2 protein chains.
Amino acid sequence: MINSPKSEADLLERCRGIAGRTLAELASRVGWRVPTEPRRAKGFTGQLLEECLGATAGSKSVPDFERLGVEMKSIPVSATGSPLESTYVSTTTLVDHLGLTWDVSRVRKKLARVLWVPVQSRPIPLPQRRVGSALLWSPSADEEAVLRNDWEEHMERIRLGMVETITGRDGDVLQIRPKAADSKAQTWGIDENGHRFRTLPRGFYLRPTFTSKILRQNFRLPG
Amino acid sequence: MINSPKSEADLLERCRGIAGRTLAELASRVGWRVPTEPRRAKGFTGQLLEECLGATAGSKSVPDFERLGVEMKSIPVSATGSPLESTYVSTTTLVDHLGLTWDVSRVRKKLARVLWVPVQSRPIPLPQRRVGSALLWSPSADEEAVLRNDWEEHMERIRLGMVETITGRDGDVLQIRPKAADSKAQTWGIDENGHRFRTLPRGFYLRPTFTSKILRQNFRLPG
DNA sequence: AGGGATCCATGATTGGATCCCA
DNA sequence: TGGGATCCAATCATGGATCCCT
């Protein structure tokens with residue numbers, strides 16, 4: 001385990017140290033093996049980057065770089081730098097939303113300060129994928145406004161007991177989608193009559209169009 | 001043949017007279033039959049609307065409403081009002097571009113004043129498609145800037161003899177695509193050495209993202 | 001050929017399902 | 001269960017091909 005970065009400048013310096021490297025090279029540095037089956041490799045890239053950069057959180061509900069208040073997000077990109085997948089933000093609270101506002105929400109906290117690390121993805125085989133240039137980002141006023149609007153609309157529907165009516169098509173930039181081992185997983189929700197019932201766990205995700213804008217506005221990529 | 005409108009107000013009044021009507025109803029008014037095979041019906045809607053509104057141009061290179069300087073464009077929309085197809089603007093000049101600038105271009109002239117008439121499209125059968133609310137539009141400064149930029153980039157490539165390298169992917173809002181009976185049709189172009197050669201006729205088209213913005217900014221539709 | 005456009009196969013997108021680790 | 005995410009079948013978007021009329 002590598003020690004954690006002392007400052008944002010330290011963190012960015014470490015990012016420059018992994019930029020351009022393949023995942024095989026990075027795994028070798030920390031003595032990890034690279035999974036061979038793609039389906040079994042979900043999450044591997046993010047966890048490898050955390051290890052390489054000295055992230056602290058593990059599966060705790062605190063920022064990856066706790067001292068710095070920085071969340072790290074690896075982001076799979078195409079050959080031209082476009083995000084290929086949505087970005088998971090956090091699980092969605094389906095019960096106990098009393099007093100839960102945007103200002104104190106986990107989504108806002110997680111996105112307050114993010115280290116975006118682009119990594120090549122399909123069709124390049126996992127070991128040969130290269131890490132790109134990292135970006136430290138906080139949402140602009142406009143970006144936070146649209147995030148907040150989506151979050152509030154989603155949470156309003158959940159408060160009304162309508163969580164089951166929410167699909168991945170809802171939300172301009174912030175989606176709610178299943179976040180579970182499979183479609184039979186169950187957690188507790190609140191129905192229209194205020195009664196507890198079993199439902200599929202959900203998570204908040206950022207659409208690729210949103211993360212694409214973040215990357216492009218900061219790197220001036222083509223397209 | 002109906003007489004031509006005397007003013008923009010007259011034209012818009014006639015549009016209100018066809019809004020909400022089906023193509024079967026309008027065809028009946030002017031004594032036309034409605035084609036049954038969709039592949040054989042390309043252009044039918046536009047020509048029917050011209051007839052109903054008293055357009056004058058036929059296949060001449062002048063505005064549909066010549067006296068008013070107004071071009072009519074029917075635009076096929078989905079159930080939610082989104083354009084389903086790109087919009088043809090004009091054929092592309094592949095030879096004799098001396099002195100051809102944006103200011104005197106056919107694209108600029110055609111788009112200077114446009115009557116957009118949304119009409120329902122797939123999956124509704126042709127006779128049952130309904131005409132929507134028409135919109136008289138001129139490009140904003142921003143819209144003209146992006147149109148001009150696309151047009152100039154396309155024409156520069158054509159001047160360099162590179163017309164064959166242009167694909168439908170080029171241009172932010174204004175595309176160049178084939179405009180011909182089939183892929184074997186031929187017209188004259190100029191190659192990299194300034195020599196005439198046979199090539200596929202092309203046309204300028206507006207992307208659905210562009211026309212969608214026009215419709216939405218004026219009707220405040222959902223989505 | 002120019003004006004009126006849409007067709008539709010195929011590539012791009014994506015939302016529901018799924019997978020690993022602690 | 002929460003954090004790290006990607007997989008991939010089904011849907012959407014679109015660009016090259018095509019069709020009618022004068």
Side-chain angles (χ1 to χ4, degrees), chain A residues 35 37-50 55 57-62 64 71-76 78 82 84-91 106 110 119 121-122 126 167-170 175-187 200-203 205 207-209, chain B residues 35 37-50 55 57-62 64 71-76 78 82 84-91 106 110 119 121-122 126 167-170 175-187 200-203 205 207-209:
Chain A
E37 244 189 291
R39 284 164 35 113
R40 309 271 157 172
K42 297 182 188 184
F44 169 80
T45 301
Q47 283 154 0
L48 175 60
L49 293 181
E50 286 184 345
S59 77
K60 289 173 292 181
S61 200
V62 294
D64 297 307
E71 180 75 18
M72 192 209 75
K73 290 289 172 198
S74 74
I75 186 162
S78 70
S82 305
L84 289 172
E85 298 286 349
S86 57
T87 300
Y88 168 68
V89 181
S90 75
T91 50
R106 279 187 294 171
K110 286 228 179 183
V119 181
S121 181
R122 285 181 312 130
L126 196 62
T167 80
R169 288 166 190 82
D170 299 310
Q175 299 173 295
I176 285 185
R177 304 222 310 277
K179 179 69 171 80
D182 57 57
S183 60
K184 285 143 290 187
Q186 303 264 275
T187 189
L200 187 58
R202 320 294 166 108
Y205 295 82
R207 292 183 183 279
T209 47
Chain B
E37 243 188 290
R39 283 165 32 114
R40 309 271 157 174
K42 298 182 186 183
F44 169 79
T45 302
Q47 283 155 0
L48 176 60
L49 293 181
E50 286 183 347
S59 77
K60 289 173 294 181
S61 200
V62 295
D64 298 307
E71 179 74 18
M72 192 209 74
K73 290 289 171 198
S74 73
I75 184 162
S78 70
S82 306
L84 288 173
E85 299 287 348
S86 56
T87 300
Y88 169 68
V89 181
S90 75
T91 50
R106 280 187 294 171
K110 285 227 180 184
V119 181
S121 181
R122 286 181 310 131
L126 196 61
T167 80
R169 289 165 190 83
D170 299 309
Q175 298 172 294
I176 285 185
R177 304 223 308 279
K179 179 70 172 79
D182 57 55
S183 59
K184 285 144 291 189
Q186 303 263 275
T187 189
L200 188 58
R202 321 293 165 107
Y205 295 82
R207 292 183 183 280
T209 49

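Just so we're on the same page: letters track the sequence lines, and every chain starts at 1. This structure is a prediction, so every number in the text was calculated from the model and none was measured.
Overall bending of the helix from C:dA1-D:dT22 to C:dA22-D:dT1, expressed as the angle between end axes built from five pairs apiece, is 50° (10° steps).
Map A:T45 and A:A181 each onto its nearest nucleotide of DNA chain D; the residue landing nearer the 5' end is A:A181. The nearest heavy atom of DNA chain C to A:K42 and to B:P76 marks one nucleotide each, and the one closer to the 5' end goes with B:P76.
At the phosphate of D:dG4, OP1 or OP2 sits under 4.0 Å from a side-chain N or O atom of A:K110. For C:dG3, the OP1/OP2 oxygens have a side-chain nitrogen or oxygen of B:Y88 closer than 4.0 Å. Listed pair B:T187 / C:dA1 meets the phosphate criterion, a side-chain N or O lying under 4.0 Å from OP1 or OP2. For B:T91 and C:dG3, the shortest distance from a side-chain N or O to OP1 or OP2 is below 4.0 Å. Regarding contacts with the backbone of D:dG3, a side-chain N or O of A:R106 is found under 4.0 angstrom from either OP1 or OP2. Residue B:S74 places at least one side-chain N or O closer than 4.0 Å to OP1 or OP2 of C:dA5.
Looking at heavy atoms from C-beta onward, A:K73 lies out of side-chain contact with A:I75 at the 4.5 angstrom threshold. Contact of the B:T45 side chain with the B:L48 side chain is not registered, since no non-hydrogen atoms from C-beta on lie closer than 4.5 Å.
Here C:dG4 presents its C1' atom at 8 Å from NZ of B:K73, a figure rounded to the nearest Å. The CD atom of B:E50 sits 17 Å away from the P atom of C:dG2 (whole-angstrom rounding). Taking atom CD1 on A:I176 and atom C1' on C:dT14, their separation rounds to 17 Å, with Å as the unit. Distance, A:L126 CG to C:dC20 P: 14 Å, rounded to whole Å. The nearest whole Å value for the distance from the CZ atom in B:F44 to the C1' atom in C:dC7 is 17 Å. One can place CD of B:E71 at 12 Å from C1' of C:dG2, the figure rounded to the nearest angstrom. Note: CD1 (B:I75) to C1' (C:dG4) measures 14 Å, nearest angstrom. Atom-to-atom, CG of B:D182 to C1' of D:dC19 comes out at 10 Å; the value is rounded to the nearest Å.
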Return the polar atom pairs (N/O with N/O) between nucleotides 12-15 of chain D and the protein under 3.5 Å, or none.
| from | atom 1 | to | atom 2 | distance (Å) |
| --- | --- | --- | --- | --- |
| D:dG15 | OP2 | B:G168 | O | 3.0 |
| D:dG15 | OP2 | B:Q175 | NE2 | 2.2 |
| D:dG15 | OP2 | B:R207 | NH1 | 2.9 |

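Looking at heavy-atom distances under 4.0 Å, B:Q186 makes contact with sugar-phosphate atoms alone, never a base. If you check every strand for non-hydrogen atoms under 4.0 Å, B:A180 touches a base. B:G46 comes within contact range of the sugar-phosphate backbone alone, with a heavy-atom separation under 4.0 Å but no base atom that close.
The salt bridge (charged side-chain N to carboxylate O under 4.0 Å, His left out) check on A:R202 picks up A:E164, with sequence neighbours excluded. By the side-chain contact (heavy atoms from CB on, under 4.5 Å) test, B:T209 pairs with B:R207, sequence neighbours left out. For A:F44, there are no ring pair (Phe, Tyr, Trp, His ring centres under 6.0 Å) partners at least two apart in sequence or on another chain. With sequence neighbours excluded, the residues satisfying side-chain contact (heavy atoms from CB on, under 4.5 Å) with A:P201 are A:A180, A:A185, A:T187. Applying the side-chain hydrogen bond (donor to acceptor under 3.5 Å, both in side chains) test to B:S74 and every residue at least two apart in sequence or in another chain returns nothing. Among residues two or more places apart in sequence or in another chain, the side-chain contact (heavy atoms from CB on, under 4.5 Å) test is passed with B:P208 by B:P83, B:S86. A:K179 pairs by the salt bridge (charged side-chain N to carboxylate O under 4.0 Å, His left out) definition with nothing, not counting sequence neighbours.
Considering only side-chain atoms of A:R39, the nucleotide from D:dC8, C:dT6, D:dG16 that sits closest is D:dC8.
With A:D64 contributing its side chain and A:A55 its backbone, the two residues share no donor-acceptor pair below 3.5 Å.
For the residue pair A:T91 / A:R106, a side-chain donor-acceptor distance below 3.5 Å is found, with atom types taken as modelled.
Below the 3.5 angstrom threshold, one finds a donor paired with an acceptor across the side chain of B:K179 and the base of C:dG4.
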